*Asks:* 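Take this structure first; my questions come after.
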Number of protein chains: 2
Amino acid sequence: MTELTSRRLEIDALRALWAIRHHGGITRAAEVLGLSQSAVSHKIKRLETSLDCDLLSRKPGAPMFTPAGEDLLDYAGRILGLHDEALLSLSKTSLAGRVALGLTEDTTCTDLARILGRFRRLHPNVSVRTKVRMSLILRAMLERGELDAAIIQVFAHEVRPTDLVLFREQLHWVKHPDFALSPEGPVPFLSFDDECFYRRWALDIGQDGGVVLETVFECASAAGIVAAVTSGLGVALLNGRHLQPEMEIITQGLPVPPALAYVVRRGRRVRNPALDTLVGEIESEISRYGGLALVS
Amino acid sequence: MTELTSRRLEIDALRALWAIRHHGGITRAAEVLGLSQSAVSHKIKRLETSLDCDLLSRKPGAPMFTPAGEDLLDYAGRILGLHDEALLSLSKTSLAGRVALGLTEDTTCTDLARILGRFRRLHPNVSVRTKVRMSLILRAMLERGELDAAIIQVFAHEVRPTDLVLFREQLHWVKHPDFALSPEGPVPFLSFDDECFYRRWALDIGQDGGVVLETVFECASAAGIVAAVTSGLGVALLNGRHLQPEMEIITQGLPVPPALAYVVRRGRRVRNPALDTLVGEIESEISRYGGLALVS
DNA sequence: ATGACACATGACAAATATCGATCAGGCCAT
DNA sequence: ATGGCCTGATCGATATTTGTCATGTGTCAT
């Protein structure tokens with residue numbers, strides 16, 4: 001009888017496995033799942049016992065997951081996707097309407113793409129128009145009522161009560177180790193382009209910090225900035241996701257960079273049930289996984 | 001806290017739902033799942049509570065599943081498919097080889113097609129050659145070693161210990177109500193074609209039953225026989241799956257038809273690991289669901 | 001009516017999950 | 001090395017879940 005009973009995966013266990021992968025570790029995953037660390041440890045152990053194979057390698061230095069674990073992880077992702085969609089589909093009302101949504105380039109490659117895709121499937125009568133722009137532009141569009149909502153970056157201290165926080169992020173001053181930062185003279189600054197949000201802050205710091213930045217490089221995409229930093233062109237403001245091993249974080253001589261948040265900010269339009277639902281789905285995804293996966 | 005915990009489907013519950021659909025009822029499903037009837041009833045109730053909606057209608061006469069139930073059933077099927085494939089993929093060895101498999105036309109539209117498809121995906125290095133023929137032909141091919149295994153119909157009393165029984169079936173003599181069966185004279189018989197397996201039995205009964213059959217209609221496909229019966233051409237031997245509401249089962253005046261079984265019968269080739277695995281997968285599918293779904 | 005049948009329900013027992021505490025091993029800075 | 005510090009494993013005590021048995025309720029065919 002154990003033969004049959006044991007060969008059965010549990011949704012919860014799969015979700016735990018997934019969380020471990022996407023938050024890098026059992027302890028982290030446990031927080032996110034709202035469980036104790038031991039509970040998650042047990043869950044995985046049970047899963048391993050029932051499958052009679054190792055999923056986590058438990059060897060330092062080595063990748064956390066065994067090949068079998070990676071395999072299962074793949075299935076887990078697909079199963080969980082279906083599972084969550086099934087739950088949503090049961091609560092689906094025949095929703096119709098329009099949503100004009102703004103995104104930053106950053107967020108297009110997160111779980112949001114997946115959520116939007118699913119939203120379209122579940123609510124085929126809602127037309128979703130998505131525009132990808134820079135944060136400052138999106139804000140202006142929200143102001144002008146051109147968007148119903150947008151996913152934008154804001155300073156952590158500017159988060160409004162009505163914003164839905166997707167995740168928080170810290171900016172860092174970075175440079176290449178070979179690049180020597182001289183205490184005098186203007187600091188060569190590698191900047192995103194005009195409408196970049198960090199840039200405003202960076203250029204403003206001249207006033208109080210006494211540091212003068214000189215923009216020596218401009219590029220709209222993060223990849224360009226990363227390349228410029230690693231070739232030692234100067235210093236840049238980058239978020240944790242873009243840090244490379246060969247970059248050095250500057251802790252001295254420059255003002256502490258601001259904390260950021262990615263939020264869903266709604267426009268002023270009063271009622272939009274389709275948007276309510278979409279935001280609700282994003283929200284429940286966050287509460288289920290304790291945040292969005294940054295890369296998919 | 002219940003908010004998150006409750007909104008979670010359980011694999012077991014989905015499997016129960018699936019079993020209820022495919023075995024037509026809670027009690028039947030319970031047997032198949034190796035549980036008590038109340039256990040399954042509880043399972044579904046819990047599922048309904050956690051989803052806060054009805055899945056089974058519990059109204060006599062009406063379809064057993066609510067629309068929500070049907071919806072979920074669809075997801076359940078997909079989730080269970082992935083789930084089972086995940087389990088299999090973990091035990092997959094890099095299997096290679098060849099399998100020559102025979103099928104009857106009947107079995108092509110059962111779960112077997114699904115299992116074969118999955119088998120190909122999981123073991124891309126195994127080449128599976130499938131031939132669809134009538135049972136008697138398949139037997140001959142097995143004898144000659146042209147097939148490694150075949151799924152054939154046999155009389156229940158002819159099942160060999162080495163056969164794997166997929167499902168059992170009872171044959172019935174059927175006719176249209178308007179067709180009067182006269183006690184004298186030959187009985188007009190609607191027959192599958194030459195190599196049909198029932199036909200042999202039917203023609204043999206002349207000896208002991210004293211009944212003489214006259215074949216008045218021959219057709220290779222079940223659809224043709226069904227049409228002939230409903231137009232009152234004569235009597236036929238049909239299995240339960242092909243019974244139509246307007247058919248009448250004949251219980252008097254003709255010998256009791258034999259019980260049949262669909263089995264996987266292996267050829268005489270000694271070793272074939274790929275075949276072993278395939279048969280194993282079919283077997284575990286059967287033990288998991290208590291048989292194969294006859295129509296997919 | 002009445003028995004057969006299919007399902008629901010409630011009480012209780014067994015299995016199983018979770019938690020908090022504790023322990024063991026690795027990593028890092030002194 | 002050594003002591004903090006972090007991560008994960010393990011243990012015993014509870015809490016929850018899940019199943020079974022016994023029984024109740026409705027429908028249907030006789």
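As the structure is a computational prediction, the values presented were derived from the model and not from experiment. All chains are named by letter (A, B, ...) in the order of the sequence lines, taking the proteins before the strands, and each is independently numbered beginning at 1. Values reported hereafter were calculated over all heavy atoms of this structure, with side chains retained and with hydrogens, waters and symmetry mates removed.
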*Asks:* Figure out the CD/P separation between A/Glu31 and C/dG20, and round it to whole Å.
*Replies:* 13 Å
*Asks:* For C/dG20, does the base pair up with any side-chain atom of A/Ser38 as donor and acceptor (N or O, under 3.5 Å, distance only)?
*Replies:* yes
*Asks:* Please identify each residue that fulfils salt bridge (Lys or Arg N to Asp or Glu O under 4.0 Å) with A/Asp163, with sequence neighbours left out.
*Replies:* A/Arg265
*Asks:* Per the side chain to side chain donor-acceptor pair (under 3.5 Å) rule, what does the pair list look like for residues 64-77 of chain B, sequence neighbours excluded?
*Replies:* A/Glu85-B/Tyr75, B/Arg21-B/Glu70
*Asks:* Which residues pass the side chain to side chain donor-acceptor pair (under 3.5 Å) test with B/Ser41, not counting sequence neighbours?
*Replies:* none
*Asks:* Of the options C/dC19, D/dT20, D/dT18, whose atoms approach the side-chain atoms of A/Ala39 most closely?
*Replies:* C/dC19
*Asks:* Report the residue (A/Leu56 or A/Glu10) whose heavy-atom-nearest nucleotide on DNA chain D is the more 5′ of the two.
*Replies:* A/Leu56
*Asks:* Please report the distance, rounded to the nearest Å, between NZ in B/Lys45 and P in D/dG19.
*Replies:* 16 Å
*Asks:* By side chain to side chain contact (heavy atoms under 4.5 Å, CB included), which residues pair with B/Ala156, not counting sequence neighbours?
*Replies:* B/Arg168, B/Ala259
*Asks:* Starting at atom CG of A/Asp12, determine the distance to atom P of D/dT17, rounded to an integer number of angstrom.
*Replies:* 11 Å
*Asks:* Tabulated below should be each protein N or O lying under 3.5 Å from an N or O of nucleotides 5-8 of chain D; please produce it.
*Replies:*
{"residue": "D/dG8", "atom": "OP1", "partner": "A/Ile26", "partner atom": "N", "Å": "3.1"}
{"residue": "D/dG8", "atom": "OP2", "partner": "A/Ile26", "partner atom": "N", "Å": "3.2"}
{"residue": "D/dG8", "atom": "OP2", "partner": "A/Thr27", "partner atom": "N", "Å": "2.8"}
{"residue": "D/dG8", "atom": "OP2", "partner": "A/Thr27", "partner atom": "OG1", "Å": "2.8"}

*Asks:* Which whole-number value in Å describes the distance from A/Ile44 CD1 to D/dT10 C1'?
*Replies:* 16 Å
*Asks:* In this structure, how many angstroms lie between the C1' atom of C/dA8 and the CG atom of B/Leu47, rounded?
*Replies:* 16 Å
*Asks:* Could you pull out all residues at least two apart from A/Lys175 that satisfy side chain to side chain donor-acceptor pair (under 3.5 Å)?
*Replies:* A/Glu248
*Asks:* Kindly say if B/Lys43 contacts the phosphate of D/dG19, meaning a side-chain N or O under 4.0 Å from OP1 or OP2.
*Replies:* yes
*Asks:* So if I take every side-chain heavy atom of B/Ser36 and compare against D/dT20, C/dC19, C/dT9, which nucleotide ends up nearest?
*Replies:* D/dT20
*Asks:* Looking at C/dT18, I'd like to know if its phosphate oxygens (OP1 or OP2) sit under 4.0 Å from a side-chain N or O belonging to A/Arg46.
*Replies:* yes
*Asks:* Suppose we screen for side chain to side chain donor-acceptor pair (under 3.5 Å). Which residues come up paired with B/Ser89, at least two apart in sequence or across chains?
*Replies:* none
*Asks:* From CG of A/Leu33 over to C1' of C/dA17, roughly how many Å is that when rounded to an integer?
*Replies:* 14 Å
*Asks:* Is any NZ, NE, NH1 or NH2 atom of the basic residue among A/Asp12 and A/Arg46 found under 4.0 Å from an Asp or Glu carboxylate oxygen of the other?
*Replies:* no
*Asks:* How bent is the helix from C/dA1-D/dT30 to C/dT30-D/dA1, comparing axes over its five end pairs at each side, to the nearest 10°?
*Replies:* 30°
*Asks:* When all nucleic acid strands are considered with a 4.0 Å heavy-atom cut-off, which category describes A/Leu35: base, sugar-phosphate, or nothing?
*Replies:* sugar-phosphate
*Asks:* With sequence neighbours left out, write down each residue that passes side chain to side chain donor-acceptor pair (under 3.5 Å) with B/Ser38, or none if nothing qualifies.
*Replies:* B/Ser36
*Asks:* Taking atom P of C/dC7 as reference, at what distance in whole Å does atom CG of B/Leu55 sit?
*Replies:* 15 Å
*Asks:* State whether the side chain of A/His176 and the backbone N or O of A/Asp178 hold a donor-acceptor pair below 3.5 Å, judged by distance alone.
*Replies:* yes
*Asks:* For A/His42 and D/dG12, what is the distance between atoms NE2 and P respectively, to the nearest whole Å?
*Replies:* 11 Å
*Asks:* Keeping A/Glu169 on the side-chain end and A/Leu260 on the backbone end, is there a donor-acceptor pair under 3.5 Å?
*Replies:* no
